[in-house]
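Here is the structure we will look at.
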Amino acid sequence: MTGDPTTTDLVLQVNGRALPMTVDNRVTLLDALREHAGLTGAKKGCDHGQCGACTVLVDGRRANGCLLLAVAAEGREVVTIEGVAEAGSAEGLHPMQRAFLERDGFQCGYCTPGQICSAIGALAEADRGWPSHVTADVADGVPDAAALDEAEVRERLSGNLCRCGAYAGIREAVLDVASTVGAHR
Ligand code: FES
Ligand code: FES
């Protein structure tokens, strides 16, 4: 305890590392990452849960860092764009990062960390059997990541906005990884 009721000492688990910090109780996970941990990959676009630029993975699920308090993230495994690549991976990149490069899935790059984290989370959600708004009939089964079509990818990534309009490349990149997802697990 700091003795100050407005702040909290906590330890965030981020990209496999324990990061101790003292934060104002109101600090979001996004600001804790950017301002306290020096991890500026996750971006602040709207700060209101509307653009997806701040998307990170929390316990393997997509989360808007701007909507989650840092104090609520303690004890959970947070992965940011700086940590998505597995150790020893080709060129130090996650397959989704490689696909974004190959498909020109960005222009200015501001939304890209959030897009990539969101895409990784979206494929994992499909593999868990989570339907989307465009899943035709859950009684017929939810398509796993490898079976996602363009409509599913568009819907599942619809929470991530791109002001540059790089959606065509983003969609192709995600479809590329989805179609080969078995090779990356
Ligand atoms: Fe979090 Fe826009 S900055 S959703
Ligand atoms: Fe510029 Fe998406 S690449 S906002």
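Counting from 1, the numbers follow the sequence of the chain as shown. We use all heavy atoms of the structure for the numbers below, so side chains are in, but hydrogens, waters and symmetry mates are not. Each ligand, and each atom within it, is numbered from 1 in the order the structure gives.
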Ignoring hydrogens and angles, state whether a donor on the side chain of Arg62 or Thr55 is under 3.5 Å from an acceptor on the partner side chain.
-> no
Give a yes-or-no answer on whether the side chains of Glu155 and Ser132 include a donor-acceptor pair shorter than 3.5 Å.
-> no
Flag His48 as yes if one of its N/O/S atoms falls below 2.8 Å of atom 1 (Fe) of ligand 1, otherwise no.
-> no
Within Cys51, is some N, O or S atom less than 2.8 Å away from atom 1 (Fe) of ligand 1?
-> no
For [X], counting its heavy atoms only, list the atoms of ligand 1 lying under 4.0 Å from any of them.
| X | answer |
| --- | --- |
| Cys46 | 2 (Fe), 3 (S), 4 (S) |
| Gly49 | 4 (S) |
| Gln50 | 4 (S) |
| Cys66 | 1 (Fe), 3 (S), 4 (S) |

State the atoms of ligand 2, each with its element, that fall below the 4.0 Å cut-off from a heavy-atom position in Gly109.
-> 1 (Fe), 3 (S)
Taking only heavy atoms of Arg163, which atoms of ligand 2 are found under 4.0 Å from at least one of them?
-> 4 (S)
For ligand 2, which part of Cys164 has a heavy atom less than 4.0 Å away: the side chain, the backbone, both, or neither?
-> both
Positive for side chain to side chain contact (heavy atoms under 4.5 Å, CB included) with Thr80, one of Leu29, Leu33, Leu30 | Leu33
Salt-bridge test for Asp31 and Arg34: reply yes if a basic N is under 4.0 Å from a carboxylate O, no otherwise.
-> no
Charged N to carboxylate O below 4.0 Å: is that the case for Asp59 and Arg61?
-> no
Taking atom 3 (S) of ligand 2 as the reference point, the nearest protein heavy atom with its distance = Gln107 N, 3.1 Å
